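Labels below follow one simple rule: chain letters A, B, ... track the order of the sequence lines, proteins then strands, and each chain is numbered from 1. Note that the coordinates shown come from a computational prediction; the quantities given were computed from them, not determined experimentally.
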Amino acid sequence: MALQFWNTLKRKKEEFRPLQPNRVGLYTCGPTVYDFAHIGNLRAYIFEDILRRYLEYCGYAVNHIMNITDIDDKTIKRSIEENVSLTEYTRRYEKAFFEDRDILRIKPATLYPRATEHILEMVEIIKKLTEKGYTYQKDGSIYFSIERFPGYGKLSGIDLSSLKKGARIESDEYEKEDVRDFVLWKKSKIGEPSYDTEIGPGRPGWHIECSAMSMKYLGKTFDIHTGGVDNIFPHHENEIAQSEAANGKPFACYFLHCAHLLVNNEKMAKSKGNFFTLRDLLDKGYDPVSIRYLLLSVHYRSPLNFTLEGLEAAKNAVERIQNFYRRLRLIPGGITGVSPVTENVDQAITKRIIQAEKEFKEGLDDDLNMPVSLASLHNLITDFNPKLEKDAINETESNLISNYIKEIDDVLTILREEKMELTAEEETLISERETARKKKDFAKADAIRKDLEGRGIIVEDTPAGPRITRKQKHACLAD
RNA sequence: GGCGGCAUAGCCAAGCGGUAAGGCAGCGGUCUGCAAAACCGCAACUCCCCGGUUCGAAUCCGGGUGCCGCCUCCA
């Protein structure tokens, strides 16, 4: 099966055909850096990360652009409240966003262009739209007239006549000819940042930045545009309108939108006390990889019901996979990184890996059906664990299997690299415990094990000797 | 009011016309000095409800019910 995506633009699954062979231009709507990202935002970024990594897994070179919205009503308002410059304010949350990204193992985009650094590009588009007659000025602001763009509504399926005139007037301080229009350029206001440009002093509207930056870095027409479902209207609808009106060419070919995340089946809201940032969860002791796994384990077009119980389950599921990988690597020789010799390999094992790989790929090929792909991995583990138990897997075979796991982990990114650096004291304790065990002094052995656990070191006894691992942060059950 | 989505075991979640994947939790057993890890076995007589189409439906159609989202900034 070929790779296919549910394209919001067409409301159906379509085979993915890039504009250029083996290359993908990907634009993902990035953060407005006015606060810490919450887990709902992070779900979207994880979805985009899986999309990007899977495209790369399939052999595409991905040019991934994610914008940073560092000028808008919220950022301006809050920077004024804190009495710091807009730049100082937004850089703080931009930094936090990058930290969250790294903690969750999200692969950095190719580029993170900032809105404030692309004012000229936006102005150029607005000028072109004006030349073509799509805009009008009112009171120093420039608006896009949706009536003049025939394709308006094709993404969201919105019926223009259903948008009641007048409904938005009170909530918008800018005057428009038609309330359904959207602002391209906001007139300069006292106390707000303003740019002196050919189209007058002011600042950009929200939608125009994505048109400008995608065009600059990916071209007038590019492959994939993503965001949360809430971006379908008005944001992406407006991007299409202004981009296609300006260029006379199609904007993005495929629009992918991920569903929202709910917490305890309700929309996340600070007032409901169910609002989490990544930092909140880390402070509670939850582990980033568990969070990543939970966020990626549900199909991106299904609402994800986030619960702490679910996070606990994710932690255990991840540990099963990690334990399997760790056990493979403990087979003498471990990962060699060298192409394994196929002699003395049980062909049944090779076949089983090929089958798993096929299933994994079929899952993700089908509109990133991650649950199916994860099932293939769990089934593989279920099949191989008994062999591992019986010591029926040799070094070459273990390399084959662990290389496969490593390969799909390029997409999942949930394995841990074990870094066991023990202090001399810790090593002494471990050997003392072994001596005690040999003397059947189990009281002492257990005491030492408990002591080590207090130091964050887990000792598990196996026939081959003690297995030492560094304790991961575990979920606290309270809350 | 308009548009869209979802309802599958205690929880999470695939399946999208051919007789219920997977994970977590639970229970019983094996292994272990104990523990951990791992293994073996058990779990939906049925997929929100009611009709219909069909040889056959969780899957298609019609009608309900419930939940969520968008229509104003929002991933």
Starting at atom [atom1] of [X], determine the distance to atom [atom2] of [N], rounded to an integer number of angstrom.
X         : N      : atom1 : atom2 : result
Phe324(A) : G23(B) : CZ    : P     : 13 Å
Leu294(A) : A13(B) : CG    : P     : 9 Å
Asp391(A) : C31(B) : CG    : P     : 18 Å
Leu311(A) : A13(B) : CG    : P     : 14 Å
Arg301(A) : A13(B) : CZ    : P     : 15 Å
Leu155(A) : G4(B)  : CG    : P     : 13 Å
Asp446(A) : U32(B) : CG    : C1'   : 12 Å

Taking only the [atom1] atom of each, what is the distance from [N] to [M] in whole angstrom?
N      : M      : atom1 : result
A38(B) : C45(B) : P     : 29 Å
C71(B) : U54(B) : P     : 44 Å
U32(B) : C39(B) : C1'   : 13 Å
G10(B) : G69(B) : C1'   : 27 Å
G56(B) : A37(B) : C1'   : 46 Å

* With both distances under 3.5 angstrom, what nucleotide forms a Watson-Crick or G-U wobble pair with C42(B)? ->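 Matched C42(B) with G26(B) under the 3.5 Å cut-off.
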* Structure fact -> Under a 3.5 Å limit on both distances, the Watson-Crick or wobble mate of G17(B) is none
Indicate whether OP1 or OP2 belonging to [N] is found under 4.0 Å from a side-chain N or O atom of [X].
X         : N      : answer
Asn305(A) : C12(B) : yes
Asn316(A) : C24(B) : no
Asn385(A) : A38(B) : no

* Thinking salt bridges, do Arg53(A) and Asp49(A) make one under a 4.0 Å N-O criterion? -> yes
Is there, by distance only and without an angle test, a donor paired with an acceptor across the side chain of [X] and the base of [N] below 3.5 Å?
X         : N      : value
Asp461(A) : C34(B) : yes
Arg320(A) : C24(B) : no
Arg327(A) : A37(B) : no

* Asked: Looking at the rings of Tyr93(A) and Tyr34(A), which for Trp means the six-membered one, are their centres under 6.0 Å apart?
  -> no
* Identify the two heavy atoms, one from Ile232(A) and one from Leu155(A), that lie closest to each other, and give their separation to 0.1 Å. =>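 Closest approach of Ile232(A) to Leu155(A), heavy atoms only: O-CD2, 3.7 Å.
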Which is true for [X] with a 4.0 Å heavy-atom rule: it touches a base, it touches only sugar-phosphate, or it touches nothing?
X         : result
Ser302(A) : sugar-phosphate
Thr382(A) : sugar-phosphate
Ile232(A) : nothing
Ala313(A) : sugar-phosphate

* Asked: Of the nucleotides G33(B), A14(B), A75(B), which has the atom closest to the Val372(A) side chain?
  -> A14(B)
